[in-house]
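To start, the structure itself, in C-alpha cells.
Chain letters run A, B, ... following the sequence lines, proteins first, then strands; residues in each count from 1. All values derive from a computational prediction rather than experimental measurement.
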Amino acid sequence: MQRGELPTWVDVGLIPLINLTIAFIVAGLVVLIIGENPFQAIWILLSTPLSSLSGWFNIIYYATNFIFTGLCVAVAFHAGLFNIGGEGQAYIGGLGAATPGLLIGGVLASALPFWVSQPITLLLCLIASFAIGALWGWFPGYLQAKRGSHIVITTIMLNYITSSVMVYMINMVFRPVGKMAVESRAIDDAYIMNAREIGRVIGLKLPASPLNPGLFVALAAAWGVWYLLWRTKLGYEIRAVGANMDASIYAGINPSRIIMITMAISGGLAGLMAFHEVLGAQHRLVLEYVQGAGFVGIAVALMGRSHPLGIVLAALLFGLLYQGGTELSFANQNINRDMVVVIQGLVILFMGALEQTFRPYLAAVFAKVE
Amino acid sequence: MTTPAIELIGIDKRFGAVHANIDVNLTIAQGSIHGIIGENGAGKSTLMSILFGFYHADKGEIKVKGQPVRIKSSTDAISHGIGMVHQHFMLVEPFTVLENVILGAEGGALIGPALAKARASLKHLSDEYELDVDPDALIADLPVGLQQRVEILKALYKGAEVLILDEPTGVLTPAEADHLFRILKTLRDEGKTVILITHKLREIMAITDQVSVMRRGEVVANFATKDTNVEQLAEAMVGRRVLLRVDKTPAKPGDVLLDVRNVTWRDKNKVARVDNVSFTVRKGEIVGIAGVSGNGQSELLDVITGITKAASGEVFFKGEDVAAIDDAGELRRRGMAHVPEDRHHRGLITSFSAAESAILGYQYAPDLGKGFRLDRDAVIKRVRREMEEFDVRPPDPFLKSAKFSGGNQQKIILAREIGSNPDLLVIGQPTRGVDIGAIEFIHRRIIALRDAGKAILLVSVELDEIRSLSDRILVMFAGRVMGERGPDATEGDLGLLMAGVSKEAA
C-alpha cells in the first residue's frame, strides 16, 4: 500500500461517518447556542422521518432529485471537471420538461387515446429536459475546451443567468394571461402520477407525498452512468481525460471533444431533475423549484465517491436530512426553517468542502497500524 | 579512527506491506564521498528521506558526529548540518539566485539584510568551491547545470556539512557532470561529506571513496571504491551476474520507413525547440538519438508521433506526409507505435488498473468490443496474454498501474506497443527508472523487434544505452542534429556533439 492510501472500507465508510458525526456535533453546538436541546433536535431530525411511511416516501422523493444532480456532478468529476452549475442546468431543464406537455401534449391528447398520448408526451418531455440541460452543460464545456475559461467560473455564473432567464420565461412566456401567480398553467397532458395516486388506481391506500415513478428514471440514469463510465469506450476516454490529460492526448483522445461531451451529459442529467420535479411533483413550471438540489448534488457526489451506487445511498442520506429538517421545524418552533438550512449547510460543508480534512490523519493512523 | 559524519543504525521503515528499509546500518566517514547505489525501489531514496527528515523511521537510530539525534523535519536535518540536492530541483523559477538561496532563511519581515548577507557569503562560497553563479540571474534563465549549482549553494549557505545528492547527473551533459564531480571533490577536500545516490555504476567508480550497495531495502555490500569494479557492483545490485552489453548482430536495413525532412517546431514563445531536423529510419535498423535531456528530443518525438504538429517541414511515414496530423490515434492506426519518455505522465494512467492502462491508445481496437461497448472480458484476456509474454510481475490485470514497479510498468507499455505489431516503434527513454534485470529484458525485446524487420527510433539520455542498441546514432543539441555516428563512436566524440561542439561545423 502506498502512502496516504486507505483501505476501501475506511474510504467509503469510516470517513463519511466521521464527517457526518462532526457535522452533527457542530450543528448541535449551534442548536445549543439558541438555547435548545441538541440531542432532542437531532433525535427528531433523524428518527421522525424514518418512523412513518410518509416520511420514507418523502425521503425517497428528495433522494430522487439528489440522484440526478449527484450523477451530474459525478460524471463531470470523472473527466476532471468540477461542474457546480447543476443548479442552473436543472432549472433551465424545466423549459424542456414543461414545453412539450404545454405545446403539443394537448394536440396529441385530442388525437390519441389517453394511454398512448401521455407516454409519448412524457417521453418527449424526458428527451427535451435532458437536451436543454445538456445544452446548458455543453456551453461551459465549450468555453473550457475552446476558450480556456474555467468551468467553475462559467458554470456558477450561468447559474445566475439561468435564474434571471427563468424568471423572464415563466413570467413573460409561460404565465397565462390574467394569472396572478408567476407560474405556467398546469401541465395536465404530461402528468406523472405520484405514489398515492397510483395506489388509488390499484386500490392501495398510501400516504400523501410527491414520491413518483421518476425514481425509476433516476435509478436507470444511475445504472446508465455506471455502464457509460466503466463499460464503454467513451466512458474509458472520459475517465482517461479526467485522470491524465497528457496520457489521453498520447492515446489519441481529443480532450476538447471529451470535455464538451461530458459536460453535455452532465448537464443533461441535471436537466432530468426538472423532468422529475416539474412533471412529477409540481405539475406546472414554477419559480425556484430546484431549491438547492444542484448544490446538494455536489455533496452527494463527493460522499458517494462519484460512483452511482454511492450516489444513490448518499442521496438517501440527504433525503433524510431534508425531510428531517422539515419535521424539525414543525416540531420545535424555535428551530425554524433557516436553522434547518444551517444544519444542512454544515453537513454539506463537512461532507463536501472539508471532505479531505481528516484523511491525512487517518492515513497516518493506518500507516502505523499496518 | 575519527568519528563518522553520519551513522545510521538499524533503520527500519515500512509503507504498509512494502518493507522499504530493512535494518539498515550505514556509516559514512567524515570528509568522504560515499556512493549509495541500487536499483529503483531498492530503498536508497527512502533511506535518504529518513536522514533528511521527510519520513520517520519505524525503528533505528541516527547519529550525527557521534551524537544521537532525532530528525523530524528537513529543518531539523538542516540544523544538524545535513543538506540535500533533490533530483527535481526545488527552486522558484521567477526568483533570482539570491532570492532562492535565502528561501526559508529570510530571517524577519524585511528581506534586505538577509539578501545582503547572502550576497557576501555567496561570493565567498563561489570563490572557494568553483561554484560560479550570477547571484542576480533569474533561475528560469539558467541552464540546468547552473540550477543544480544553485541547489548546492543553497545547502552550503544553510551550513550543510553533509551534502546528499539524489541522482544528480541525470540532467547533465558529460562535461557538466565532470564539472559537478570537480565541485564535489573540492567539497570533500575542504572537509565536507558527500553522499551520492545514483544508479550509474560509472559515476560511482569515477568519484566515490566508499560505496554501499542496496537491494530490496537492505544494504547488501560495502566496498572501498578502489577495491571493487563495475561487474562486482552490478552483481551486488541485482543479486546475480548481469550482462552489461547486449549481444546483437549487424543490422540488415531495408527500405526507408520514416523520412523526416527539415522539421522545425516552435514553443509558445516562438523559440525553435526542434530546428530544421532531417533524418531517416529504415526497416530493420535502430536509429538512436542521443543528447542531454531538454535539447529538443522530446519535442521531436511529439511531432513524429502526432501529439503535436510541426511548424514547418515534412514527416514521411510509409511514403505519406503525416506532419500535419496531430492525432496520435490516427498514426497508431497507420502502424506507428510509441513508447513515451515519461511513463507516469503519458505511458499509462497510474490510477487505472493495469488492464485499463494496457489498452491506452488502443481503446478502439475492434477486438476489444463492438460499437461503443468496451468488452471487459476481451480486455482482460488480451492483457493476461501480454503480461505472460512480457513477464510482468505480478501478472494481475486488476492491480492499479501505480502499484507496479517501474520496470514492470515499462513492460506493460512495451507489451501494449509491441503487441500492436507496429511497423515503426518510437521509443523514448526505454529504461529510465527501470531496474537492471528488466533493462536486459527490454533491450533484448527491442533488438528482437529490429531483427523482425521493424524500424525503431530510439531516444535516450543514457549514452551507454544508445551505444549498445543503435545501428546509427544521431546527436541532438539545442534542437538541431549535430551529427551522425556509427555504433562504434567513442563516448568522448559523442560527448562533444552533445555539448554542441561539432567537427562538421568547425
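- Taking 4.5 Å as the limit, some side-chain heavy atom of A/Ile67 sits within range of a side-chain heavy atom of A/Leu71.
- B/Phe372 has its side chain out of reach of A/Leu234: every pair of non-hydrogen atoms, C-beta onward, lies at least 4.5 Å apart.
- Each salt bridge (Lys or Arg N to Asp or Glu O under 4.0 Å) pair with one or both residues in residues 336-364 of chain B, not counting sequence neighbours, appears once here: A/Arg239-B/Glu356, B/Asp302-B/Arg346.
- Chain B forms more heavy-atom pairs under 4.5 Å with one residue of A/Leu228, A/Ile253, A/Thr232 than with any other, namely A/Thr232.
- With a threshold of 4.5 angstrom between heavy atoms, B/Leu348 approaches chain A through N, CA, C or O but not through any side-chain atom.
- Counting only distance, with no hydrogens or angles, the side chain of B/Glu61 and the backbone of B/Gly10 share no donor-acceptor pair below 3.5 Å.
- For the set A/Trp230, A/Tyr236, A/Tyr227, the entry with the most heavy-atom pairs within less than 4.5 Å of chain B is A/Tyr236.
- With a 4.5 Å cut-off on non-hydrogen atoms, B/Arg332 touches chain A through its side chain but not through its backbone.
- Contact of the A/Phe350 side chain with the A/Ile18 side chain is not registered, since no non-hydrogen atoms from C-beta on lie closer than 4.5 Å.
- Residues A/Gln89 and A/Phe68 have side chains not in contact (no heavy-atom distance under 4.5 Å, counting atoms from C-beta outward).
- Heavy-atom contacts from other residues, nucleotides or ligands closer than 6.0 Å to CZ of B/Arg393 number 12 or fewer.
- Taking the six-membered ring where tryptophan is involved, the planes of A/Trp223 and A/Trp226 are tilted, since the angle between them lies from 30° to 60°.
- Contact residues of residues 256-275 of chain A toward chain B are absent (heavy-atom distance under 4.5 Å).
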